[in-house]
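I have placed the structure first, in the form of structure tokens, so that the comments after it can refer back to it.
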Protein chains: 2
Amino acid sequence: MITRNPSLTDQVKEHIKERIASDGFEGGRIPPEVELANDLGVSRTTVRDALSRLEHEGTIYRRQGAGTFVREQGLQIKSRLEDIWSYEQVLEDHGYVPSVRVISEKEMVADPMTVEALGVGPEDTVLVIEKLFLEDEDPVIMTINRIPSRYLTDTEFTNDEATPIYEFIEQHCNRTLSYYLSEIVPVSLDADTAEALGVEPGTLAISFDEIGFDQNDTPIVRGTSYFRDDLIRFRLLRRRSGT
Amino acid sequence: MITRNPSLTDQVKEHIKERIASDGFEGGRIPPEVELANDLGVSRTTVRDALSRLEHEGTIYRRQGAGTFVREQGLQIKSRLEDIWSYEQVLEDHGYVPSVRVISEKEMVADPMTVEALGVGPEDTVLVIEKLFLEDEDPVIMTINRIPSRYLTDTEFTNDEATPIYEFIEQHCNRTLSYYLSEIVPVSLDADTAEALGVEPGTLAISFDEIGFDQNDTPIVRGTSYFRDDLIRFRLLRRRSGT
DNA sequence: AAGTGGTCTAGACCACTAT
DNA sequence: TAGTGGTCTAGACCACTTC
């Protein structure tokens, strides 16, 4: 299903990222845009697109009239909060090699918050999938996803519960997960969640309470995610205006 | 000091925003990019720049091959987490009319975390300003800002402590606050902070632990902010790829 | 004054959606 | 197949920084 070979812009972006990683820019100074464009054989616009994205991700910064520079190592932002799509990717960004474990998967009557969030009837059932994301047997993230049963086109999952939720929805709901509306909520972990994450009950954590929408803006999944605060932290680069 | 008349892109962006506000797009459908470009007498690139920013802010969304559409009212994101600059603005975005109260302002020896964050000596002093942001006498946000004494060019504040921290720094440090690096941390409020915010000690809250950098990437201020979770929530629009 | 990023244009072709 | 957004080019001029 996934087509698109990487766009030129993406290729340029990766090229620059790799060269940054291998310390290939003397004094942290990235060559002028025109020079990069000539060297790589693309237009300046393409180079600028790539640089803009890297700037947005916090990898580089630009000063009009002065130049473009690599951001200091310690300052690198690894997860742009708004670009998070799969938690596997979040863990990889933190330098981990992630694995996924399905804790449970069952159909049950929707709880009140899910009823309200997804607009299902109070008697309707939802498929509830609980998953754990681990790094080398160390649990880091727990997620609970709830999908209304009526959206399911089949119930032959054959271990698909372990695939990312957006792929699961494409395969079993015939819909595409388009975007999430998320709320950041501080929580004190209950006994079950704490046990799954391998910490003491009552431990402080960040959670995301999120609603996923399909391509027609229909709410299709409600997710709740809990993060081990001692293993993963969300960082944010805040700039003055909306670049 | 502030020059730059609005760029064409910004003007186009404002034009579209105003027309959205006055319900000027039938069926929430925004005209094709080429049509907008012709109508406004600018190039398609400029229109695309403006639309890209509006998309990033969550005001509109685009579907390749289909068109560009106004996002449903209920889904509009009011605070883009990464665009937060002043907390007054955050409160306004939540529909409040904010006021500010200075709790305390004193010079003292830097605590270890501030020493590490700002790279000052362990004996150096910092100016610590504690502020409270209120809505109609209801405290919503508490902030603690720490600025190394050696960056201060004068100590004649005359109530300037109540101005936004970035203005304070411009006026009394002769530097410009350029960006923040923030970490989102879940906390259980201690007695003092809880009292200031008017909640019970131990109440769960989100806090930002942030370092502010000047135009030369020198860390110049360390801030800690606490938010009343029952009065203010951070929302996030997460999309599939990094537009 | 020279160099660099910021803005803008005009036009081409591609990928996807609707019908 | 027609229409729309996505990508890319080549080139122009401006605003700001540096020397």
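Everything numeric here is computed off the predicted structure, so don't read it as measured data.
In this model, the phosphate group of C:dC8 is approached by a side-chain N or O of B:Thr9 to a distance below 4.0 Å at OP1 or OP2. Remark: B:Arg48 is not in phosphate contact with D:dG5, judged by side-chain N or O atoms under 4.0 Å from OP1 or OP2. Taking side-chain N and O atoms only, B:Thr68 has a distance below 4.0 Å to OP1 or OP2 of D:dG5. Within the structure, every side-chain polar atom (N or O) of A:Ser43 is placed at least 4.0 Å from both OP1 and OP2 of D:dC8.
Between the CG atom of A:Leu36 and the P atom of C:dG3 there is a distance of 17 Å, rounded to whole Å. A straight line from CG of A:Leu8 to P of C:dC13 spans 16 Å, rounded to a whole angstrom. If you take CG of B:Asn38 and C1' of D:dT4, they are 14 Å apart, rounded to a whole angstrom. Taking atom CD on B:Glu35 and atom C1' on D:dG5, their separation rounds to 14 Å, with Å as the unit. If you measure from atom CZ of A:Arg44 to atom P of C:dT4, you get 11 Å, rounded to the nearest angstrom. Rounded to a whole Å, the CG atom of B:Leu51 is 8 Å from the P atom of D:dG5. Counting to the nearest Å, the C1' atom of C:dC8 and the CD atom of B:Gln11 are 13 Å from each other. The CD1-P distance, from B:Ile30 to D:dG5, rounds to 9 Å in whole Å.
Figure legend: A:Arg238 and B:Tyr179 shown without cation-pi pairing, the cationic atom not lying both under 6.0 angstrom from the six-membered ring centre and within 45 degrees of its axis. Taking the centre and axis of the six-membered ring of B:Phe69, the NZ or CZ atom of B:Arg62 falls outside the cone set by 45° and 6.0 Å.
Below the 3.5 angstrom threshold, one finds no donor paired with an acceptor across the side chain of A:Arg63 and the base of C:dG6.
Here D:dG6 is the nucleotide among D:dG6, D:dT9, C:dG5 with the atom lying nearest to any side-chain atom of B:Arg62. For B:Ser7, counting side-chain heavy atoms from C-beta on, the closest listed nucleotide (D:dT7, C:dA15, C:dC8) is C:dC8. Comparing atom distances between the B:Glu33 side chain and each of D:dG5, C:dT9, C:dG5 picks out D:dG5 as nearest. Of the candidates D:dG5, C:dG5, C:dT4, the closest approach to any side-chain atom of A:Arg29 belongs to C:dT4.
Ring centers of A:Phe213 and B:Tyr61: at least 6.0 Å apart, outside the cut-off. Ring-centre distance between B:Phe208 and B:Phe234: below the 6.0 Å cut-off.
The residue among A:Asp49 and A:Gln64 whose nearest nucleotide of DNA chain D lies closer to the 5′ end is A:Asp49. Nucleotides of DNA chain D nearest to B:Pro32 and B:Thr45 differ in position, and the one nearer the 5' end is that of B:Pro32.
Across all strands, B:Val34 comes closer than 4.0 Å to no nucleic acid atom at all (heavy-atom distances).
Between A:Ser225 and A:Tyr87 there is a side-chain heavy-atom pair separated by less than 4.5 Å.
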